Amino acid sequence: MSRLSRSFYQKDTVAAAREILGKILVRDTGKELLSGRIVEAEAYTGPGDPASHAYRGPTPRSRIMFGPPGYAYVYFCYGNHSLLNAVTEEEGRAGAVLIRGLDPVEGLGTIRKNRGNVEDKNLLNGPGKLTRGLEITLPLNGEDLVRGSELWIEDGQIFPGERIISTPRIGIKKGTERLWRFVLENKSGPGGPL
DNA sequence: GAGAAGATCTCCT
DNA sequence: GGAGATCTTCTCA
């Protein structure tokens, strides 16, 4: 496995959100590697996307979305939850991909311990859950996903029988008409998460 | 300087 | 299935 290069992130945010599915998010806690396969992501752009933090232009919090691509944007929401994004688009243009769901790959024991006593299928299937499971916290905001030593994304692939579906984004009140949420489905049967 | 809203999760009924 | 928890950031006066 090799890390995604800077050029992967330096593209259209919606395209990056779709292509990041199947890639491997890796967290090095200093003691062991925790990783998971990305199965759900959402695209957030800048001006023109009322659901994005960058909608009103750069602020102290959102300015990282306007910076160079390939960096982590971690922020705190609802009092208890850190949410992880990967900054996209070229420098000066706002964009980020919200990582919403993972399938555990490495460090399952530690992830289970971090998450408490929940079913395996519920370990990392939400943006607040995966950050807790992989110990992704606010100090990782601004981490370089291409050259950093604590958090990065490795190349991965879509397997035969899997398909990418697009749906409206979750948990927002504005901009829901855009189908910028992408989910990797590995079941061909009826009845998805919707 | 104060108030309100927010890209969520968990517990309780 | 529904409502509370809980804190950072932004906006307005």
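Keep in mind the model is a prediction, meaning the values are calculated, not measured. Chain naming here is simple, since letters A, B, ... match the order of the sequence lines and numbering starts at 1 in each.
- Legend: residues meeting side chain to side chain donor-acceptor pair (under 3.5 Å) with Ser62(A), ordered by chain and number and at least two apart, are Thr59(A).
- Side-chain contact between Leu123(A) and Val118(A) is present, with at least one heavy-atom pair separated by less than 4.5 Å.
- Between Arg100(A) and Glu42(A) a salt bridge is recorded (basic side-chain N to carboxylate O distance below 4.0 Å).
- In 5' to 3' order, the nucleotides of DNA chain B bounding all contacts with chain A (an atom under 4.0 Å from a heavy atom) are dG6(B) to dT10(B).
- Contacts between residues 51-72 of chain A and DNA chain C, defined by a heavy-atom separation under 4.0 Å, are made by Arg56(A), Thr59(A), Pro60(A), Arg61(A).
- Hydrophobic clustering, with ILVMFWY side chains joined whenever heavy atoms are under 4.5 angstrom apart, groups Val74(A) together with Leu130(A).
- For Asn141(A), there are no side chain to side chain donor-acceptor pair (under 3.5 Å) partners two or more places apart in sequence or in a different chain.
- In summary, contact between chain A and DNA chain C, defined as any nucleotide atom under 4.0 Å from a heavy atom of the protein, begins and ends at dT6(C) to dT11(C) in the 5' to 3' direction.
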Practice task
In sequence, state the C-alpha distance, the side-chain angles, and the governing distance for Thr88(A) and Thr13(A), and then conclude on side chain to side chain donor-acceptor pair (under 3.5 Å).
Solution key: CA-CA 6 Å; Thr88(A) 58; Thr13(A) 304; 2.8 Å; yes
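- For Asn122(A), the side chain to side chain donor-acceptor pair (under 3.5 Å) partners are Asn125(A), not counting sequence neighbours.
- The ring-ring contact (aromatic ring centres under 6.0 Å, His included) pairs that include a residue from residues 152-185 of chain A number zero, where partners must be two or more places apart or lie in different chains.
- Contacts between residues 100-123 of chain A and DNA chain B, counted as heavy-atom distances below 4.0 Å, involve Arg100(A), Arg115(A).
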Residues 14-23 of chain A, side-chain donor-acceptor partners within the protein, below 3.5 Å, at least two apart:
| from | atom 1 | to | atom 2 | distance (Å) |
| --- | --- | --- | --- | --- |
| Glu19(A) | OE1 | Lys11(A) | NZ | 2.5 |
| Lys23(A) | NZ | Glu19(A) | O | 2.9 |

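- Sequence neighbours left out, the pairs with a member in residues 21-56 of chain A that pass ring-ring contact (aromatic ring centres under 6.0 Å, His included) are His53(A)-Tyr75(A).
- The residue among Lys129(A) and Lys173(A) whose nearest nucleotide of DNA chain B lies closer to the 5′ end is Lys173(A).
- Two different hydrophobic clusters hold Val105(A) and Leu102(A) under the rule that ILVMFWY side chains link at heavy-atom gaps under 4.5 Å.
- Using a 4.0 Å cut-off between a side-chain N of Lys or Arg and a carboxylate O of Asp or Glu, Asp103(A) and Lys121(A) do not qualify as a salt bridge.
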Exercise for the section: Would you sort out whether Glu32(A) and Lys113(A) count as a salt bridge (Lys or Arg N to Asp or Glu O under 4.0 Å), showing the intermediate values? Expected result: CA-CA 14 Å; Glu32(A) 67 177 312; Lys113(A) 193 178 69 176; over 6 Å; no
Handout entry: Watson-Crick or G-U pairs under 3.5 Å in DNA chain B, rendered as dot-bracket with [ ] for crossing pairs and | for another strand
Key = ||||||.|||||.
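- Inter-residue side-chain proximity for Leu83(A) and Thr131(A) is flagged as unmet; no heavy-atom pair is nearer than 4.5 Å.
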Tell me which donor-acceptor pairs under 3.5 Å the side chains of residues 168-176 of chain A have, and how far apart each pair is, sequence neighbours excluded?
| from | atom 1 | to | atom 2 | distance (Å) |
| --- | --- | --- | --- | --- |
| Arg169(A) | NH1 | Ala43(A) | O | 2.8 |
| Arg169(A) | NH1 | Asp49(A) | OD2 | 2.9 |
| Arg169(A) | NH2 | Asp49(A) | OD1 | 3.1 |
| Arg169(A) | NH2 | Gly175(A) | O | 3.1 |

